[in-house]
Visitor: 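One structure, pasted below without further comment.
We use all heavy atoms of the structure for the numbers below, so side chains are in, but hydrogens, waters and symmetry mates are not.
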Amino acid sequence: MERIVIKVGTAVITEHNVIAKERMMNLVYLIAKLRSKYEVVLVSSGAVGAGYSALKLDKSKQIGKKAIAAAGQPILMSSYKRMFDIFDIDTAQILLTEDDFDSRKRTKMFQEIINAHLANDILPIVNENDISSTPEQLFGDNDQLSANVAHAVDADMLVILSDINGYFDKDPSKYHDAKPYKVLDELPEGVLEAQATPNDPFATGGIVTKLKAADFMMKRGRQMFLANGFDLSATESYLMEGKHTLGTLFTPKGSVKKATKTEKGGL
């Protein structure tokens, strides 16, 4: 069975500092369907966004953000648990930092934990450990975390669900003639040096961090699919039926022909 990592962003999973229940339910339903075909690992943002409803501190200050994240983690995970219980799917929470990928012993440990969960039909839900770590130990955004997780657990593909329909040749919010890329095996020059500009004040990413995740995956011979998390139909169509309608597929250099073939028949 092929393995995929799905990363969902704060803008998708929360709205006005509370869990966006309908969107979360749609995600849970999609994952329930995907598990008939794939081993799935979920990387979920949203703890800080959800926590702000319970604790309104200044998130720009380190302690404020940590306290908000600590309040938000149980809110986020209890919401997931209630919804996955509907489909009789057991979940587990895994909190990681960048340091967990720098130590062979620690990396091997969480790899084995995730493999044990998947072997026992448990869905691992991963997030960054904002609470007990220093800024130097953090990736700073879950796009980078999800790419590292996907590589570490030997996933065939990373799927990033965001508030955009894919990657465009120019900013679609500013230019009506912006055209989406369907398949890319290399990034346009200079795009990784741009500043990250997340649309949600509680998000830490933006298109740049997603492109960095795509670059990380492609350089390691893996694929990434960037799609809209508000409407999951394109993602479901691609992953379950192999029909590529919307979303951008980032694929390793030299494998565009293979990717085009993939569009017709799934991963």
Visitor: Given salt bridge (charged side-chain N to carboxylate O under 4.0 Å, His left out), test Asp141 with Lys212 step by step and report yes or no.
Guide: CA-CA 11 Å; Asp141 67 85; Lys212 287 180 178 178; over 6 Å; no
Visitor: To check you understand the geometry: which heavy-atom pair defines the closest contact between Ile13 and Ser45, and what is its length?
Guide: CG2-O, 3.4 Å
Visitor: Which class fits the ring pair His151 and Phe216: parallel under 30°, tilted 30 to 60°, perpendicular over 60°?
Guide: perpendicular
Visitor: Are any side-chain N or O atoms of Gln223 and backbone N or O atoms of Pro252, one a donor and one an acceptor, separated by less than 3.5 Å?
Guide: no
Visitor: With under 30° as parallel and over 60° as perpendicular, where do the rings of His244 and Phe225 fit, or are they tilted in between?
Guide: perpendicular
Visitor: Is the positively charged end of Lys33 above the ring of Tyr29, judged by distance under 6.0 angstrom from the centroid and angle within 45° of the axis?
Guide: yes
Visitor: Could you tell me whether Lys81 and Asp90 make a salt bridge, using a distance below 4.0 angstrom between a side-chain N and a carboxylate O?
Guide: no
Visitor: Run the ring-centre check on Tyr181 versus Phe250 and record whether the distance is less than 6.0 Å.
Guide: no
Visitor: Answer yes or no: is there an ion pair linking Lys179 with Asp169, defined by an N-O contact shorter than 4.0 Å?
Guide: no
Visitor: Would you compute the distance between atom CG of Leu239 and atom CD1 of Ile31 and round it to the nearest 0.5 angstrom?
Guide: 11.0 Å
Visitor: Is there a donor-acceptor pair closer than 3.5 Å between any side-chain N or O of Asn120 and the backbone N or O of Ile122?
Guide: no
Visitor: Looking at Glu15 and Arg23, is there a salt bridge between them, counting it only when a charged N and a carboxylate O are closer than 4.0 Å?
Guide: yes
Visitor: Distance check, rounded to the nearest 0.5 Å: Met157 atom CE versus Met224 atom CE?
Guide: 10.0 Å
Visitor: Of the non-hydrogen atoms in Ser44 and Ile125, which two are nearest, and what is the gap between them?
Guide: CB-CG2, 4.2 Å
Visitor: Does Arg3 pair with Asp156 as a salt bridge, N-O distance under 4.0 Å?
Guide: no
